[in-house]
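To start, the structure itself, in structure tokens.
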Amino acid sequence: MKKMLLIYIVLIAAFALYVLRFEYTSQVNSSWENRGLRGDLGETYMMITFQSGLEYWKSPLKGFEDAADALGVTVEYRGATRYDAKEQITVIEQAIARKPAGIAISAIDPKSLIPAINKAVEADIPVILFDADAPGSQAYSFLGTDNYKAGVTAADKMAELLGREGEVAVLTLPGQQNHEERTNGFRETIQQRYPNMQVVEIADGHGDTLKSRDETIRMMKAHPKLAGIFVTEATGGAGAGEAVQNTDPGNGQKLRIISFDTNKATLDLIQNGTISATIAQGTWNMGYWSLQYLFHLHHHLTVPAPSPSGENAPLPVTVDTGISVVTRSNVDDYYAK
């Protein structure tokens with residue numbers, strides 16, 4: 001008799017728990033239906049970059065902030081002040097200690113940042129990577145440019161500018177994955193599609209205007225027939241432009257420059273004809289969708305999608321945010337309004 005009574009008590013308790021869970025789930029679903037996708041101001045998401053003073057970060061941050069306005073949450077921006085992986089790791093560690101609702105990171109160095117990224121995820125803090133990926137980390141998704149394809153586009157544009165012949169060079173940031181992919185896309189496309197063109201050198205611009213200027217001048221002297229330079233980042237593009245403005249190549253032809261991104265200095269150099277073109281990234285999209293993804297992860301609103309490994313992932317593993325080519329004909333459209 002006592003055993004039967006105990007069984008009835010257990011069954012009644014289980015049923016009560018089921019009913020309570022059902023009512024809670026219904027209330028949660030009803031809450032989302034009634035208020036839409038809205039969080040609260042106490043819900044803080046963080047964006048972490050490197051070289052935090054760069055103008056480049058303004059557009060993704062604006063997208064991040066616009067998404068925050070739409071979702072009713074709070075965002076903070078943090079970044080390493082220098083081009084330094086150790087400093088960015090420290091910034092990430094400090095962010096983890098504050099236990100935000102989610103973190104969006106642009107990784108300065110894919111390998112060295114993996115432990116810090118994984119530490120955040122293991123602490124139940126969703127992490128989305130944007131602009132610069134860290135393959136092999138536990139981050140849920142990467143939103144950014146298909147950088148290899150961007151390099152291909154730059155090579156095709158350079159070939160168009162040079163009539164499919166001539167010597168060209170690349171000014172880049174070795175060791176950073178997105179820049180290496182751009183370089184590889186450019187170099188391999190020149191090799192495969194344009195037999196009368198040759199990539200004669202790939203140089204390190206150090207992400208610095210003055211060093212990029214000096215490297216451009218050195219390459220112009222080392223390669224008297226140099227006809228074009230592809231610069232894989234905006235700061236170096238400004239340096240290359242300064243070098244061209246102040247140096248006579250001595251071969252009677254104008255050195256063509258294709259840069260990356262749409263900071264004001266680059267746009268001004270396109271407008272005055274110093275830089276021939278630049279590759280514009282979908283930077284606002286990177287920031288906006290990073291926060292949308294983090295919000296969905298934080299609130300468990302995601303629907304699993306197939307991942308490249310064949311398993312189900314809560315988000316698309318990679319999202320191409322797109323590019324466009326900016327020239328003198330459309331440069332006015334890219335100035336900040």
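Residues: numbered from 1 along the sequence shown. For the numbers below, each heavy atom of this structure counts, side chains included, while hydrogens, waters and symmetry mates do not.
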Next item on the list: Locate the shortest heavy-atom distance separating Ile103 from Ala95; write the atom from each residue and the value.
Entry: CD1-CB, 4.0 Å
Note to self: My understanding is that only residues two or more places apart in sequence, or in another chain, count here; which of them pass side-chain hydrogen bond (donor to acceptor under 3.5 Å, both in side chains) with Tyr56?
What the structure shows: Asp131, Gln281
Check: Transitively linked via ILVMFWY side-chain contacts under 4.5 Å: Ile128 with Val121?
Finding: yes
Margin query: With a 3.5 Å distance limit and no angle check, can you tell me whether Thr74 reaches the backbone of Leu41 through a side-chain donor-acceptor pair?
Written below: yes
Note to self: Hydrophobic clustering (ILVMFWY, side-chain heavy atoms < 4.5 Å, transitive) - are Leu210 and Leu269 grouped together?
What the structure shows: no
Notebook entry, point to check: Quick one: does Arg213's side chain have a donor or acceptor within less than 3.5 Å of a partner on Ala243's backbone?
Noted result: no
Next item on the list: Check whether any side-chain heavy atom of Ile108 lies under 4.5 Å from a side-chain heavy atom of Tyr83, and answer yes or no.
Entry: yes
Note to self: Within the structure provided, determine whether Trp57 and Ser106 are in side-chain contact (heavy-atom separation under 4.5 Å).
What the structure shows: yes
Check: Under 3.5 Å, is there a donor-acceptor pair between the side chain of Thr278 and the main chain of Asp261?
Finding: yes
Next item on the list: State plainly whether one hydrophobic cluster holds both Leu161 and Met219, where clusters connect Ile, Leu, Val, Met, Phe, Trp and Tyr through side-chain heavy atoms under 4.5 angstrom apart.
Entry: no
Check: Taking C-beta and beyond as the side chain, do Glu181 and Thr145 meet within less than 4.5 Å on heavy atoms?
Finding: no
Note to self: Has His296 got a side-chain atom pairing as donor or acceptor with Gln292's backbone, closer than 3.5 angstrom?
What the structure shows: yes
Check: Less than 4.5 Å apart, any side-chain heavy atom of Val199 and any of Phe186?
Finding: yes
Check: Hey, is the main chain of Thr232 close enough, under 3.5 Å, to the side chain of His179 for a donor-acceptor pair?
Finding: yes
Notebook entry, point to check: Are Val152 and Tyr194 grouped together when hydrophobic residues (ILVMFWY) are joined by side-chain heavy atoms under 4.5 angstrom apart?
Noted result: no
Margin query: Rounded to the nearest 0.5 Å, what separates atom CG in Asp332 from atom CZ in Arg328?
Written below: 10.5 Å
Next item on the list: May I ask you to decide if Ala120's main-chain N or O and Gln138's side chain share a donor-acceptor pair within less than 3.5 Å?
Entry: no
Margin query: Is it the case that the side chains of Asn196 and Arg164 hold a donor-acceptor pair, with the cut-off being a distance below 3.5 Å and no angle test?
Written below: no
Next item on the list: Return the orientation label for the Phe260 and Phe230 ring planes: parallel under 30°, perpendicular over 60°, tilted otherwise.
Entry: tilted
Item checked: Atom of Ser290, atom of Leu143 and distance for their closest heavy-atom approach -> OG-CD1, 3.8 Å
Next item on the list: Among Arg187, Lys221, Arg218, find the residue that satisfies the salt bridge (charged side-chain N to carboxylate O under 4.0 Å, His left out) test when tested with Glu201.
Entry: Arg218
Checklist line | Rounded distance (nearest 0.5 Å) linking atom CG of Leu294 with atom CE of Met47 | finding: 9.5 Å
Checklist line | Rounded distance (nearest 0.5 Å) linking atom CD1 of Ile92 with atom CD1 of Ile125 | finding: 11.0 Å
Next item on the list: Go through Tyr45 and Glu76 one step at a time and tell me if the side chain to side chain donor-acceptor pair (under 3.5 Å) criterion holds.
Entry: CA-CA 6 Å; Tyr45 297 85; Glu76 293 183 12; over 6 Å; no
N/O donor-acceptor pairs under 3.5 Å from side chains in residues 58-67, not counting sequence neighbours:
residue, atom, partner, partner atom, Å
Ser59, OG, Thr283, OG1, 2.7
Ser59, OG, Trp284, N, 3.3
Lys62, NZ, Asp66, OD1, 2.9
Lys62, NZ, Asp66, OD2, 3.0
Asp66, OD2, Trp284, NE1, 2.9

Margin query: Is a donor from one side chain sitting under 3.5 angstrom from an acceptor on the other, for Thr81 and Glu87?
Written below: yes
Item checked: Any side-chain donor near an acceptor of the partner, Glu180 and Gln176, under 3.5 Å -> no
Check: With distance as the sole test, does Lys254 use its side chain to make a donor-acceptor pair with the main-chain N or O of Ala227 at under 3.5 Å?
Finding: no
Note to self: How close do Met286 and Gly144 get, counting heavy atoms only, and between which atoms?
What the structure shows: CE-CA, 4.0 Å
Check: Would you find a donor on one side and an acceptor on the other, under 3.5 Å apart, between the side chain of Asn330 and the backbone of Val325?
Finding: yes
Notebook entry, point to check: Hey, are the side chains of Phe130 and Ile105 touching, using non-hydrogen atoms and a 4.5 Å cut-off?
Noted result: no
Notebook entry, point to check: What's the verdict on side chain to side chain donor-acceptor pair (under 3.5 Å) for Asp268 and Tyr335, showing C-alpha distance, side-chain angles and the deciding distance?
Noted result: CA-CA 9 Å; Asp268 288 347; Tyr335 279 97; 2.6 Å; yes
Item checked: Ser212 (side chain) donor-acceptor with Thr209 (main chain) under 3.5 angstrom -> no
Item checked: Partner residues of Gln245 under the side-chain hydrogen bond (donor to acceptor under 3.5 Å, both in side chains) criterion, sequence neighbours left out -> Thr274
Checklist line | Hydrophobic cluster membership, Ile275 vs Ile258, 4.5 Å side-chain cutoff | finding: no
Note to self: Using modelled atom types and a 3.5 Å cut-off, is there a donor and acceptor pairing between side-chain atoms of Arg182 and backbone atoms of Glu233?
What the structure shows: no
